[in-house]
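In this chain, residues are counted from 1 in sequence order.
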Amino acid sequence: MKKFQFTLDRIKQYRIQIEEMEKNDLAALRSQLSLLEEQAEEIRKAIAAKSEELRRLYRKGAFPNEISVANRYLTFKKQELEMKFAEIDEKNKEIENKLQDVLEATQEVKKMEKLEEHQLEEYKQQEIKENENFIEEFFGAGKQQTAEE
């Protein structure tokens, strides 16, 4: 009997490639999210530092233009932080969608693996039958010869 060959192996390999691509895309999105979160943290630190500087300016008695510049900077940084949060939310949505794609791809691969297992089991059963038939024929032919003699 010829060696077992899964009939849909090429499709299975293709689906495995798709699954790997989806996983790589998901990893890239997570990396981008991590970078966005780091940037948001840097902006928060800049806001905190400028807020502390503004408090010191108030305490020591600063010129109005210094206070105005510091306030504009804080307003700008707060707007920048809000935009960064919006980017983070959008990236989280992309990750959710990509996660669904990964799950679907994984399910497709699992289906192919189950189908392969089923075909292999059928192959093994067929192999057992062929071996039994061969043994029957071999010993059956020997019995016929001794009966004829």
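The minimum heavy-atom distance between Y123 and K2, with the atom names listed, is OH-O, 2.6 Å. When all heavy atoms are compared, the tightest approach of L81 to A40 is CD1-O, 3.5 Å. Taking each heavy atom of M112 and F6 in turn, the nearest pair found is O-CZ, 3.6 Å. In this structure, A105 and I18 approach most closely via the heavy-atom pair CB-CG2, 4.4 Å.
Shown are Q125, H118, Q119; of these, the side chain to side chain donor-acceptor pair (under 3.5 Å) with E122 is made only by H118. In summary, of the residues considered (E132, Q126, E127), a side chain to side chain contact (heavy atoms under 4.5 Å, CB included) with E130 occurs for Q126 alone.
Pairs of residues two or more places apart, or lying in two chains, that qualify as salt bridge (Lys or Arg N to Asp or Glu O under 4.0 Å) and include a residue from residues 24-33 are D25-K98. Pairs engaging residues 59-75 under the salt bridge (Lys or Arg N to Asp or Glu O under 4.0 Å) rule: E52-R59 [sequence neighbours left out]. Evaluation of the side-chain hydrogen bond (donor to acceptor under 3.5 Å, both in side chains) test over residues 85-96, restricted to residues two or more places apart or in two chains, returns Q32-K91.
Hydrophobic clustering of Ile, Leu, Val, Met, Phe, Trp and Tyr side chains at less than 4.5 Å, counting indirect connections, keeps L35 apart from M83. With hydrophobic clusters built from ILVMFWY side chains whose heavy atoms lie under 4.5 angstrom apart, L115 shares a cluster with L120. Hydrophobic clustering keeps I95 apart from M21 (ILVMFWY residues linked when any side-chain heavy atoms are closer than 4.5 Å, directly or through intermediates). Placement of F85 and I43 within a single hydrophobic cluster is found when ILVMFWY residues are connected by side-chain heavy-atom separations under 4.5 Å, directly or transitively.
The salt bridge (charged side-chain N to carboxylate O under 4.0 Å, His left out) check on E108 picks up R15, K111, with sequence neighbours excluded. In this structure Q17 satisfies the side-chain contact (heavy atoms from CB on, under 4.5 Å) test together with Y14, sequence neighbours excluded. Legend: residues meeting salt bridge (charged side-chain N to carboxylate O under 4.0 Å, His left out) with E80, ordered by chain and number and at least two apart, are K77.
Checked by atom type and distance alone, the side chain of T75 pairs as donor or acceptor with a backbone atom of N71 at under 3.5 Å. Formation of a donor-acceptor pair under 3.5 Å by the E19 side chain with backbone atoms of V109 is not found in this model. Looking only at distances, a side-chain donor or acceptor of T106 sits under 3.5 Å from a matching main-chain atom of V102.
Atoms CG and CG, from L33 and L26 in turn, are 10.5 Å apart once rounded to the nearest 0.5 Å. We find the CD-CG distance between E22 and D101 to be 4.5 Å, quoted to the nearest 0.5 Å. Rounded to the nearest 0.5 Å, atoms OG (S51) and OH (Y73) are 10.0 Å apart. Going from atom CG of N24 over to atom CG of L29 covers 11.0 Å, rounded to the nearest 0.5 Å.
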- Query: Yes or no on side chain to side chain contact (heavy atoms under 4.5 Å, CB included) for K78 and I47, after CA distance, side-chain angles and deciding distance?
  - Reply: CA-CA 7 Å; K78 287 177 183 177; I47 290 172; 3.9 Å; yes

- Task: Apply the test side chain to side chain contact (heavy atoms under 4.5 Å, CB included) to residues K23 and E20: give CA-CA distance (whole Å), side-chain angles for both, the deciding distance (0.1 Å), then the verdict.
- Result: CA-CA 5 Å; K23 285 180 179 179; E20 288 302 313; 4.3 Å; yes

- Task: Given side chain to side chain contact (heavy atoms under 4.5 Å, CB included), test K110 with E113 step by step and report yes or no.
- Result: CA-CA 5 Å; K110 295 278 185 219; E113 288 172 348; 3.9 Å; yes

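More than 12 heavy-atom neighbours from other residues, nucleotides or ligands sit within 6.0 angstrom of CZ on F4.
At a threshold of 4.5 Å between non-hydrogen side-chain atoms, the residues E41 and E38 do not count as touching. For the pair L36 and Q39, the minimum side-chain heavy-atom distance is below 4.5 Å.
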